[in-house]
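Below is one structure, written out as structure tokens, with a few remarks after it.
All values below were derived from every heavy atom in this structure, side-chain atoms included, with hydrogens, water molecules and symmetry-related copies excluded.
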Amino acid sequence: MAEAHVAVAFSFAITHEGVNINYDKEVLSLVWNSGVRSWKKRFARFMNNIHCGIYPASISSLFILTTLMVSLFLANVDASFGGITYLEKYIPGDSFAPFTIKLAACVAYSFCLWITIILMLRYTLKLLLMYKGWMFEGRHGRKTSLKTYIWAGLVRTLTMKRSPMLYSFQSSLPRLPLPSLEGTMKRYLTTVRPLLDDDKYHKMEEMAMEFKTGVGKKLQRYLWLKSWWASNYVTDWWEDYVYLSGRSPLLVYSNCYGLDYVPLPTTSQSARAANFIHAAMTFRKLLNTQTLKPVTVQNFIPLCAWQYERMFNTTRVPDPEKDRVVHLSDSQHLAVYNRGRFYKLMLYNKNRLLKPAEIQWQLQQILEDQSVPYPGENHLAALTANNRTVWANARTTYFSKGLNKSSLKIIEDAAFFLVLYDEDLDFDPNDPSKLNKFSQALLHGKGYNMWLDKSFNIVVSKNGRLGCNCEHSWCDSPIMSHFWEFCIGMEFTTLKYTEDGNTVGAVEELPPSPIRLKWDLHPECVDLVRSSMQIANAIIAEVDLQVLYHSDYGKDFIKKCKVSPDAYIQMVLQLAYYRDAKRFNLTYEASMMRLFREGRTETVRPVTMESCDFVLAVDNTAISATEKLRLLQRACSKHQESYLNAMVGKGIDRHIFCLYVVSKHLEVESPFLKEVLGEPWRLSTSQTPHNHAGILDTKKYPQYVCLGGGFGPVADDGYGVSYDIASENVMFFHVSSKRTSPETDTTRFIDLIEKSLSDVRQIFLDSVAEK
């Protein structure tokens, strides 16, 4: 076996004839190549950090500046205005000639000048990026000001000087500004006004005023200090307290999922998985070398790339009180699950990435393996679906030594986790049940076939369909969407398949065979695996996830209404929810905060007085279609304004959340904070982002439509809705709720979404007819 081979790679023995040394050249060569690769990566990372640290300058600019300054000085032209002469005093001259001293002073001055210019350019860019007025101009009839034109020209000049690396803009991104306490209280009261009657609203006003003039001032001062000291005053607390401190299972309650694109390029499970793995490792190489093109807004305004750092080789490790995210700088293998068995799949051979055909050969070995699972191995991953403290204690008790420790380490150290699913999954526009089954397989699967702690799981069905399940603490959906589009785009445009559905190319040299992981599970551990499986089954039975495929219209029609597509869908969801619940409720929508350093998300509250006016008008026959359309446009405009305010740091919920964290550390009680943080989000929504990489633009490739993704319900009596405005004519709505709630019904809500989409469209058509 491979393990035994490694164990005897080097040995020596002392005999009466002397010292006898035995070694295996092949294994030692592998060790040597691994070390060389590691040092090469370290050196490349060091050089990349230098290039990013001096951006927008370059190393060559230092040589050019030095050459210029030396040439001028030798020509008796002192462009330093005495600076070089001043530096000569601080250079020891006892053992050097005067000319050498002058030359050294000239080089030193050039270097100092170069650093000064870099810092000036960087801080100039940071100051420019603090301006957010451009976001509110050029839309809804507002003209772009001269100030914004000048600003855009300056930013373009600084950001497009030369090809930036992935992290080139990190040090130039501004910090997330801390909103004023008064502003947050005012915005909060505005958002809850349509949800409360007069008496409850006046009570809430009093609580907010008492908080603002009382304990809130003290909490704000501490938060102000953190906002200046930390890179981002929200992100570390958000990760720690919202994600890592949670003790609930990750299954359904935390992890989210994404689905394949519509075209199915091959029905070969091993070929599809092999091409995706090769594309994923290509993406990882671009991350490691920082040559992945940074994501920008309007092709010149940079977004924070911090979340990409922990995409690969990352695991959320359970601890009794709070989990921790463990990230390795490198990993040369995958962990693979198939029919109850775990494998280690090597990705490199002789210091090079395996070709797709070689990876397919490896995967085929796994699929053809007839060995049976060890006792308890089949459902072992159900432990990751258990309560986090239970799993943490089990990990310490049963996986701290021997085979179990080494096998668990292989899984947790893997680049990511691959599931070779043993059933068919597919999409059929004429059979909604297939898409429902597909989504359910990615949200929760069978409860035991995904290692939920890994940064992400890639699931490949028996007939070649792809999907991913993502652990949420390390990133938000735009990061995985970028990775997803890149890999599938590379698969379709570069890697491709042969006529018989296999990967392109041939296996010229056999790659390393997959290594079957071994387990020696204690009977008590097997019992815990069994009870974890019961918990997973209960969670799965509770959630009702279905997908609406809507092809009557899409982005193209919505734009005719002269509103934001996202705001339009939010108004549709408000209409559907009101028809379902007969009332308005607190609604959550996520907006990205990556215009700031280490930014993640902020909450947009779609329920406004304007949205309520529109919803109540839809079924009122006394109101004309023209007036209803006007109310829709007004509501969408208000929603867009709220969305943009959240993006520029004028949100509500993250500020209040951080004030609450400070209050807990200071052991200060606040009725206002307790009331706000206790409000349930009965409608939790999110738009699935796509086209980050610009590879699969639906206008250029109309057939490449993403099936979207989703998440579980946030509230016990609420809905989780993820929507994907996939193309000009197609939309997907992934809707989840709990079967145990008498107030929710996924099937009913999907029907109401479909009806609301039709009714709002009809409003526009009728308004055109009225004109």
Requested in this report: Evaluate side-chain contact (heavy atoms from CB on, under 4.5 Å) for Asp476 paired with Arg594, printing each intermediate quantity in order.
Outcome: CA-CA 11 Å; Asp476 301 307; Arg594 290 170 58 206; over 6 Å; no
Query raised in the report: Taking C-beta and beyond as the side chain, do Phe312 and Met281 meet within less than 4.5 Å on heavy atoms?
Result: yes
Query raised in the report: Can Phe417 and Ile458 be said to form a side-chain contact (heavy atoms from CB on, under 4.5 Å), step by step?
Result: CA-CA 6 Å; Phe417 194 84; Ile458 297 299; over 6 Å; no
Query raised in the report: Could you give the distance from CZ (Arg339) to CG (Asp422), rounded to the nearest 0.5 Å?
Result: 8.0 Å
Query raised in the report: Do His482 and Phe283 have ring centres separated by under 6.0 Å?
Result: yes
Query raised in the report: Do Met647 and Thr601 come close enough that some side-chain heavy atom pair is under 4.5 Å?
Result: no
Query raised in the report: Under a 4.5 Å cut-off applied to non-hydrogen side-chain atoms, are His278 and Leu495 in contact?
Result: yes
Query raised in the report: So, are Arg388 and Asp453 salt-bridged, with charged N and O less than 4.0 Å apart?
Result: yes
Query - Residues Thr503 and Gln360: side-chain donor-acceptor under 3.5 angstrom - result: yes
Query raised in the report: For Phe300, does the CZ atom sit with more than 12 other heavy atoms under 6.0 Å from it, leaving out its own atoms?
Result: yes
Query - Under-4.0 Å salt bridge between Arg352 and Glu358 - result: yes
Query raised in the report: Are the ring centres of His734 and Tyr257 closer than 6.0 Å?
Result: yes
Query raised in the report: Are Arg316 and Asp323 ion-paired here, with the side-chain N under 4.0 Å from a carboxylate O?
Result: yes
Requested in this report: Determine whether Pro177 and Tyr233 make a side-chain contact, defined as any pair of heavy atoms from C-beta on separated by less than 4.5 Å.
Outcome: no
Query raised in the report: Between CE of Met450 and OH of Tyr448, what distance do you get to the nearest 0.5 Å?
Result: 11.5 Å
Query raised in the report: Centres of the Phe276 and Trp484 rings: under 6.0 Å?
Result: yes
Query raised in the report: So, Ser722 and Ser686: side-chain donor and acceptor under 3.5 Å apart, yes or no?
Result: no
Report task. Using a strict 4.0 Å threshold on nitrogen-to-oxygen distance, state whether Asp260 and Arg465 make a salt bridge. Result -> yes
Query raised in the report: Honestly, is Lys226 close enough over Trp237, meaning NZ or CZ under 6.0 Å from the six-membered ring centre and within 45° of the axis?
Result: yes
Query raised in the report: Rounded to the nearest 0.5 Å, what separation is found between the CG atom of Asp653 and the CH2 atom of Trp681?
Result: 4.0 Å
Query raised in the report: Can you find a pair of side-chain heavy atoms, one from Pro294 and one from Pro302, that are under 4.5 Å apart?
Result: no
Report task. Could you tell me whether Phe456 and Phe483 have their ring centroids closer than 6.0 angstrom? Result -> yes
Query - Asp330/Arg284 ion pair, N-O < 4.0 Å - result: yes
Report task. Would you please say whether a donor-acceptor pair under 3.5 Å links the side chains of Asp520 and Tyr398? Result -> no
**Report entry** Check against salt bridge (Lys or Arg N to Asp or Glu O under 4.0 Å), Glu491 and Arg272
**Finding:** CA-CA 9 Å; Glu491 174 195 6; Arg272 190 84 199 275; 2.3 Å; yes
Report task. Would you please say whether a donor-acceptor pair under 3.5 Å links the side chains of Asn386 and Ser532? Result -> yes
Report task. Give a yes-or-no answer on whether the side chains of Ser172 and Gln170 include a donor-acceptor pair shorter than 3.5 Å. Result -> no
**Report entry** Met346, CE: over 12 other non-hydrogen atoms inside 6.0 angstrom
**Finding:** yes
Query raised in the report: With sequence neighbours left out, what residues match Arg324 under salt bridge (Lys or Arg N to Asp or Glu O under 4.0 Å)?
Result: Asp319
Requested in this report: Please examine the side chains of Tyr588 and Thr685, heavy atoms only from C-beta on, and report whether any two atoms are closer than 4.5 Å.
Outcome: no
Query raised in the report: How would you list, by chain and number, every residue that makes a ring pair (Phe, Tyr, Trp, His ring centres under 6.0 Å) with Tyr660, sequence neighbours excluded?
Result: none
Requested in this report: Begin from the C-alpha positions of Ser684 and Phe711 and carry the test side-chain contact (heavy atoms from CB on, under 4.5 Å) through to its verdict.
Outcome: CA-CA 10 Å; Ser684 183; Phe711 50 88; 4.0 Å; yes
Query raised in the report: Do we get Arg654 above Trp238's six-membered ring, with its NZ or CZ under 6.0 Å from the centre and within 45° of the axis?
Result: yes
Requested in this report: Output the distance between atom CG (Leu452) and atom CG (Asn457), rounded to the nearest 0.5 Å.
Outcome: 6.5 Å
Report summary line: Here the salt bridge (charged side-chain N to carboxylate O under 4.0 Å, His left out) pairs for residues 391-407, sequence neighbours left out, are Arg395-Glu412
Query raised in the report: Going through the checks in order, is the side-chain contact (heavy atoms from CB on, under 4.5 Å) test met by Leu707 and Tyr261?
Result: CA-CA 6 Å; Leu707 298 172; Tyr261 279 66; over 6 Å; no
**Report entry** Flag side-chain contact, heavy atom, 4.5 Å: Leu595 against Leu129
**Finding:** no
**Report entry** Between CG on residue Leu345 and CG on residue Leu418, distance to nearest 0.5 Å
**Finding:** 7.5 Å
Requested in this report: Give a yes or no on whether Tyr222 atom OH has more than 12 heavy-atom contacts from other residues, nucleotides or ligands under 6.0 Å away.
Outcome: no
**Report entry** Any side-chain donor near an acceptor of the partner, His327 and Thr314, under 3.5 Å
**Finding:** yes
Query raised in the report: In terms of the angle between their ring planes, are His665 and Tyr241 parallel, tilted or perpendicular, with boundaries placed at 30° and 60°?
Result: perpendicular
Query - Leu250 side, atom CG; Asn469 side, atom CG - distance, nearest 0.5 Å - result: 9.0 Å
Query raised in the report: Would you call Tyr374 and Arg516 a side-chain contact if the rule is heavy atoms closer than 4.5 Å?
Result: yes
Requested in this report: Would you verify whether the NZ or CZ of Lys518 falls within 45 degrees of the ring axis of Phe342 while also being under 6.0 Å from that six-membered ring's centre?
Outcome: no
